[in-house]
Amino acid sequence: MYSNILIPISRTSNLKFLVDFVNEFLSPGGELTLLHIISTNLFSISPAEWRRAMSAISTTHLLSAIDSMGVNYREKNAGSVASGILEEAGTGKDDYVLMPN
């Protein structure tokens with residue numbers, strides 16, 4: 001069982017499935033963090049990325065209200081998606097990183 005799970009996401013269409021799947025091996029009272037990487041260091045965020053981020057935040061709030069687990073949303077700017085995930089995973093806040101595709 002894991003107490004903190006990090007899931008990098010790129011879209012919101014499969015979030016409910018992911019939350020249901022992760023719930024099987026998340027400790028009671030555990031937290032799930034959905035991470036959206038914006039792969040640019042030049043601009044803070046494009047309008048398209050902003051819409052995707054707002055959609056993910058909205059879905060995250062719905063999922064946390066439906067399920068008993070804590071569901072968080074985090075957004076990060078990085079030079080690449082891979083470097084953003086590695087930076088976030090390197091902080092040591094999470095027990096497990098799940099890479100859905």
Side-chain angles (χ1 to χ4, degrees):
M1 299 297 274
Y2 299 99
S3 58
N4 294 302
I5 297 176
L6 176 69
I7 301 180
I9 59 167
S10 60
R11 57 189 170 148
T12 60
S13 61
N14 59 355
L15 290 184
K16 178 63 175 148
F17 172 78
L18 283 173
V19 170
D20 290 341
F21 175 75
V22 169
N23 199 24
E24 297 299 317
F25 53 95
L26 187 66
S27 302
E31 290 194 357
L32 171 65
T33 300
L34 304 171
L35 175 66
H36 184 81
I37 303 291
I38 298 171
S39 58
T40 180
N41 285 327
L42 301 175
F43 306 104
S44 59
I45 191 167
S46 72
E49 288 288 344
W50 178 255
R51 284 191 298 279
R52 278 190 226 119
M54 290 300 102
S55 175
I57 290 170
S58 174
T59 304
T60 302
H61 286 295
L62 284 172
L63 292 174
S64 61
I66 294 169
D67 296 307
S68 59
M69 73 178 82
V71 181
N72 303 309
Y73 176 78
R74 201 174 303 151
E75 182 180 293
K76 183 174 190 67
N77 276 10
S80 71
V81 172
S83 66
I85 293 169
L86 290 172
E87 287 172 18
E88 198 63 34
T91 63
K93 298 178 205 170
D94 303 294
D95 303 327
Y96 188 76
V97 178
L98 178 66
M99 300 290 291
N101 65 24

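More than 12 heavy-atom neighbours from other residues, nucleotides or ligands sit within 6.0 angstrom of CZ on Phe25.
In this structure, the separation between CD1 on Ile9 and CG on Leu34 is 5.0 Å, given to the nearest 0.5 Å. Distance check: Ile37 CD1 to Glu87 CD gives 7.5 Å after rounding to the nearest 0.5 Å. Remark: Ile5 CD1 to Leu26 CG distance equals 4.5 Å, nearest 0.5 Å.
Formation of a donor-acceptor pair under 3.5 Å by the Ser27 side chain with backbone atoms of Tyr2 is found in this model.
Clustering ILVMFWY residues whenever any of their side-chain heavy atoms sit less than 4.5 angstrom apart, transitively, puts Leu86 in a cluster other than the one holding Val81.
With sequence neighbours left out, the side-chain hydrogen bond (donor to acceptor under 3.5 Å, both in side chains) criterion links Ser83 to Ser80.
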Donor-acceptor pairs under 3.5 Å, side chain of residues 92-99 to any protein atom, not counting sequence neighbours: which ones?
residue, atom, partner, partner atom, Å
Asp95, OD2, Ser3, N, 2.7
Asp95, OD2, Ser3, OG, 2.5
Asp95, OD2, Asn4, N, 3.1

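Minimum heavy-atom separation, Leu35 to Gly84: CD2-O, 4.5 Å.
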